[in-house]
Amino acid sequence: MKTISKLLIGLFVITVGSKSMAQEKISTDLKEFKITIEKMDNGLKMQSDKGSAWVDLSFNLSNDKSQAIDENGMTQLGELPTKRDLKFADYLFTITHTKEGISLTGIEGTAWKELSFSLQENGRQAIDQFGMTK
C-alpha cells in the first residue's frame, strides 16, 4: 500500500511540475504585441501599438465572417507569411464580428485560444499575447 501511495505522489509531482514548466515555456516563447480594436459604424478599426509591421487596419466584416490577422496585417489562413522579421511578434489570429460582439481565435503566438467580448459603437478593447488588456 505504501508503494502505491509513493507512486501516486511521485506521478502527481511530475505531472504538476511538467505543466508549470510547459506554461512557463509558452510564456517565454511569446513575443510581445499589443493591438487596440475599435468598433466603428462602418466596420472595425485596429491599431497596432507594439509588435506588428502594420500600424492601422480598417475593414468591414459581415456578421459571422472572419478575417485572419498576423504581424504583417490582413492575411489568409493557410498562406505562409512572405517574410518573418525578428523585430516583430509572430502571431496569427482570426477576428469575427458576431451579433454579441467580437470573437477572436488565437492560432499562433498567443497564450489564448478564444477571446470574446462585447463592443459598443466607438468602443475600444486592447489585446496582447496574453488576452484582453488596458
Side-chain angles (χ1 to χ4, degrees):
M1 194 66 169
K2 286 184 179 185
T3 306
I4 292 174
S5 296
K6 288 180 182 179
L7 181 61
L8 289 174
I9 290 171
L11 286 173
F12 176 76
V13 169
I14 290 171
T15 303
V16 169
S18 66
K19 282 184 182 178
S20 72
M21 285 191 312
Q23 287 174 345
E24 188 174 304
K25 183 176 183 341
I26 288 172
S27 294
T28 59
D29 288 346
L30 298 175
K31 290 187 178 177
E32 224 178 319
F33 70 88
K34 184 176 178 185
I35 297 169
T36 302
I37 302 167
E38 184 174 359
K39 184 177 177 184
M40 309 295 287
D41 58 348
N42 59 348
L44 296 175
K45 179 180 175 184
M46 299 174 71
Q47 181 179 13
S48 175
D49 301 319
K50 184 187 316 179
S52 304
W54 56 274
V55 176
D56 291 304
L57 295 175
S58 295
F59 50 91
N60 256 334
L61 274 183
S62 302
N63 277 348
D64 300 321
K65 298 289 183 193
S66 296
Q67 175 61 57
I69 306 290
D70 69 10
E71 67 275 10
N72 295 309
M74 294 176 13
T75 188
Q76 299 292 321
L77 290 179
E79 284 187 13
L80 293 176
T82 55
K83 193 176 187 182
R84 294 271 177 167
D85 192 325
L86 295 177
K87 65 183 174 185
F88 300 121
D90 296 330
Y91 64 84
L92 175 63
F93 64 87
T94 60
I95 183 167
T96 306
H97 184 233
T98 66
K99 291 177 185 174
E100 294 79 31
I102 303 296
S103 177
L104 303 171
T105 302
I107 299 168
E108 179 183 321
T110 63
W112 45 270
K113 296 294 179 205
E114 299 282 334
L115 286 178
S116 294
F117 49 89
S118 61
L119 205 53
Q120 301 297 322
E121 197 76 29
N122 299 316
R124 299 167 56 99
Q125 177 61 58
I127 63 165
D128 65 12
Q129 67 275 14
F130 297 114
M132 296 190 312
T133 187
K134 292 183 178 188

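What you are looking at is a predicted structure, and each value in this text was computed from that prediction instead of being measured.
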S.K.: Under the ring pair (Phe, Tyr, Trp, His ring centres under 6.0 Å) rule, what pairs show up with a residue in residues 84-108, not counting sequence neighbours?
M.R.: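 As it turns out, the ring pair (Phe, Tyr, Trp, His ring centres under 6.0 Å) pairs with a partner in residues 84-108, which skip direct neighbours, are Phe33-Tyr91, Tyr91-Phe93, Phe93-Trp112.
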S.K.: Can you run down the salt bridge (charged side-chain N to carboxylate O under 4.0 Å, His left out) pairs that involve residues 101-114, sequence neighbours left out, and say none if there aren't any?
M.R.: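 The answer is Arg84-Glu108.
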S.K.: Going by salt bridge (charged side-chain N to carboxylate O under 4.0 Å, His left out), name the pairs with one or both residues in residues 115-126, residues two or more places apart or in two chains.
M.R.: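 Sorted pair list: Glu38-Arg124.
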S.K.: Should side-chain heavy atoms under 4.5 Å link Ile, Leu, Val, Met, Phe, Trp and Tyr, which residues sit in the same cluster as Leu86?
M.R.: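 Under the 4.5 Å side-chain rule, Leu86 groups with nothing.
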S.K.: Rounded to the nearest 0.5 Å, what separation is found between the CG atom of Asp128 and the CD1 atom of Ile35?
M.R.: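 Between Asp128 CG and Ile35 CD1, I get 9.5 Å after rounding to 0.5 Å.
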S.K.: Quick one: pull up CD1 in Ile37 and CD1 in Ile127 and give me the separation to the nearest 0.5 Å.
M.R.: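 These two atoms lie 4.5 Å from each other.
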S.K.: With rounding to the nearest 0.5 angstrom, report the OG to NZ distance, Ser52 to Lys31.
M.R.: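 So the OG of Ser52 and the NZ of Lys31 are separated by 12.0 Å.
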S.K.: Is Leu92 reachable from Leu30 through a run of I, L, V, M, F, W or Y residues, each pair having side-chain heavy atoms under 4.5 Å apart?
M.R.: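 The answer is no; the residues belong to distinct hydrophobic clusters.
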S.K.: Passes side chain to side chain contact (heavy atoms under 4.5 Å, CB included), Met46 versus Ile95? Steps please.
M.R.: CA-CA 11 Å; Met46 299 174 71; Ile95 183 167; 4.3 Å; yes
S.K.: So, taking the atom named OG1 in Thr133 and the one named NZ in Lys34, what distance separates them when rounded to the nearest 0.5 Å?
M.R.: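 So the OG1 of Thr133 and the NZ of Lys34 are separated by 5.5 Å.
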S.K.: Which is it for Leu104 and Thr110 under the side chain to side chain contact (heavy atoms under 4.5 Å, CB included) test, yes or no, and what are the steps along the way?
M.R.: CA-CA 11 Å; Leu104 303 171; Thr110 63; over 6 Å; no
S.K.: Tell me whether Phe117 shares a hydrophobic cluster with Leu44, the cluster being built from Ile, Leu, Val, Met, Phe, Trp, Tyr side chains joined at under 4.5 Å.
M.R.: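 In one cluster with Phe117: Leu44, yes.
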S.K.: Filter on salt bridge (charged side-chain N to carboxylate O under 4.0 Å, His left out), then keep only pairs touching residues 55-65, sequence neighbours left out; what's left?
M.R.: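 Pairs touching residues 55-65 that pass the test: none.
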S.K.: With sequence neighbours excluded, tell me which residues meet side chain to side chain donor-acceptor pair (under 3.5 Å) with Lys45.
M.R.: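 Not a single residue meets the side chain to side chain donor-acceptor pair (under 3.5 Å) criterion with Lys45.
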S.K.: The criterion is side chain to side chain donor-acceptor pair (under 3.5 Å); which residues satisfy it with Asp49, sequence neighbours excluded?
M.R.: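 Asp49: side chain to side chain donor-acceptor pair (under 3.5 Å) contacts with Thr36.
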S.K.: With sequence neighbours excluded, what pairs up with Ser116 under the side chain to side chain donor-acceptor pair (under 3.5 Å) test?
M.R.: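 Ser116 satisfies side chain to side chain donor-acceptor pair (under 3.5 Å) with no other residue.
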S.K.: Any ring pair (Phe, Tyr, Trp, His ring centres under 6.0 Å) pairs touching residues 39-76, not counting sequence neighbours?
M.R.: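 Found none.
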S.K.: Looking at every non-hydrogen atom in both residues, tell me the closest pair between Lys39 and Leu119 and how far apart they are.
M.R.: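 For Lys39 and Leu119, the tightest heavy-atom pair comes out as CD-O, 3.2 Å.
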S.K.: Taking all heavy atoms of Gln129 and all of Gly109, pick out the closest pair and write down the distance.
M.R.: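 The pair with the smallest heavy-atom distance is CB-O, 3.9 Å.
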S.K.: Can you list everything that forms a side chain to side chain contact (heavy atoms under 4.5 Å, CB included) with Thr94? Sequence neighbours excluded, please.
M.R.: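 Testing Thr94 for side chain to side chain contact (heavy atoms under 4.5 Å, CB included), a comparison that skips the adjacent residues, returns Ser66, Ala68, Leu77, Thr105, Ile107.
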S.K.: Please enumerate all residues that pass side chain to side chain donor-acceptor pair (under 3.5 Å) together with Asn122, with sequence neighbours excluded.
M.R.: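 By the side chain to side chain donor-acceptor pair (under 3.5 Å) rule, Asn122 matches no residue at all.
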S.K.: If I compare all heavy atoms of Leu115 with all of Gly131, which pair ends up nearest, and what's the gap?
M.R.: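 So the minimum-distance heavy-atom pair works out to CD1-CA, 3.9 Å.
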S.K.: Check the hydrophobic clustering (I, L, V, M, F, W, Y; side-chain heavy atoms under 4.5 Å; chains of links allowed) and say if Ile102 and Met40 are grouped together.
M.R.: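 Hydrophobic grouping puts Ile102 apart from Met40.
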S.K.: Go through the structure and list residues passing salt bridge (Lys or Arg N to Asp or Glu O under 4.0 Å) with Glu32, not counting sequence neighbours.
M.R.: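 Result, salt bridge (Lys or Arg N to Asp or Glu O under 4.0 Å) vs Glu32: Lys50.
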